[in-house]
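Single-structure report; data block below.
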Amino acid sequence: LDYEKFVTVLPLRVDDTYPPEPPGGPGHAFDKESLAQGYILSVFKPSVVFLECREKSEIEIAAQIANVLQRQKVAKDGSS
């Protein structure tokens, strides 16, 4: 999965279980092959830092996301 060149992943920790453990398997209605868990493992690597959101309001979470995106924009093209 070569998403890193094209997609920015910003994990948000909103639950005590982290990384997420999506349901799947032969009895699951949509993910019979447990593909979601494979995607989780390929994206949520130990080096990927998540934003702690468990005790924050929606406004605080949005502000954190905006801050990260702004820093990436500045780093990418030198704009402010």
Side-chain angles (χ1 to χ4, degrees):
L1 189 60
D2 194 17
Y3 67 89
E4 293 174 344
K5 294 180 185 176
F6 310 104
V7 176
T8 298
V9 175
L10 180 58
L12 308 176
R13 185 171 185 175
V14 296
D15 192 67
D16 290 337
T17 302
Y18 191 88
E21 297 175 357
H28 193 269
F30 304 106
D31 190 6
K32 297 189 182 311
E33 297 175 8
S34 298
L35 295 176
Q37 186 62 34
Y39 296 138
I40 294 290
L41 294 174
S42 70
V43 173
F44 289 73
K45 299 173 184 169
S47 62
V48 174
V49 179
F50 61 83
L51 291 180
E52 179 57 67
C53 299
R54 289 178 287 179
E55 306 236 347
K56 299 209 162 90
S57 71
E58 292 89 350
I59 299 296
E60 291 171 311
I61 294 168
Q64 280 188 289
I65 293 169
N67 186 328
V68 170
L69 293 175
Q70 183 62 35
R71 280 185 285 157
Q72 288 181 343
K73 182 178 184 335
V74 169
K76 181 179 178 184
D77 61 18
S79 65
S80 53

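Since this is a predicted model, take the numbers as computed values, not measurements.
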Quiz item: Under a single-linkage definition using a 4.5 Å side-chain heavy-atom cutoff for Ile, Leu, Val, Met, Phe, Trp and Tyr, are Phe44 and Leu12 assigned to the same hydrophobic cluster?
Solution: no

Practice problem: Spell out, yes or no, whether Tyr18 and Ile40 are grouped together once hydrophobic residues are joined by side-chain heavy atoms under 4.5 Å, including indirect joins. | Solution: yes

Quiz item: With a 4.5 Å heavy-atom cut-off, do Pro22 and Asp31 have their side chains touching?
Solution: no

Practice problem: Give a yes or no on whether Glu21 atom CD has more than 12 heavy-atom contacts from other residues, nucleotides or ligands under 6.0 Å away. | Solution: no

Self-check item: Beyond-backbone contact of Lys45 with Val48, side-chain heavy atoms, under 4.5 angstrom
Solution: yes

Practice problem: Answer yes or no: does atom CD of Glu60 have more than 12 heavy-atom neighbours from other residues, nucleotides or ligands under 6.0 Å? | Solution: yes

Self-check item: Interatomic distance, Gln70 atom CD to Ile65 atom CD1 [nearest 0.5 angstrom]
Solution: 14.0 Å

Quiz item: What do you reckon, is CG of Leu41 surrounded by more than 12 foreign heavy atoms closer than 6.0 Å?
Solution: yes

Quiz item: Rounded to the nearest 0.5 Å, what separation is found between the CZ atom of Arg13 and the CZ atom of Phe50?
Solution: 4.5 Å

Quiz prompt | Cluster overlap Leu10 with Val43, hydrophobic side-chain contacts below 4.5 Å | solution = no

Quiz item: Which heavy atom in Gln37 sits nearest to a heavy atom in Pro20, and how many Å separate them?
Solution: OE1-O, 3.9 Å

Quiz item: Residues in salt bridge (Lys or Arg N to Asp or Glu O under 4.0 Å) with Glu52, at least two apart?
Solution: Arg54

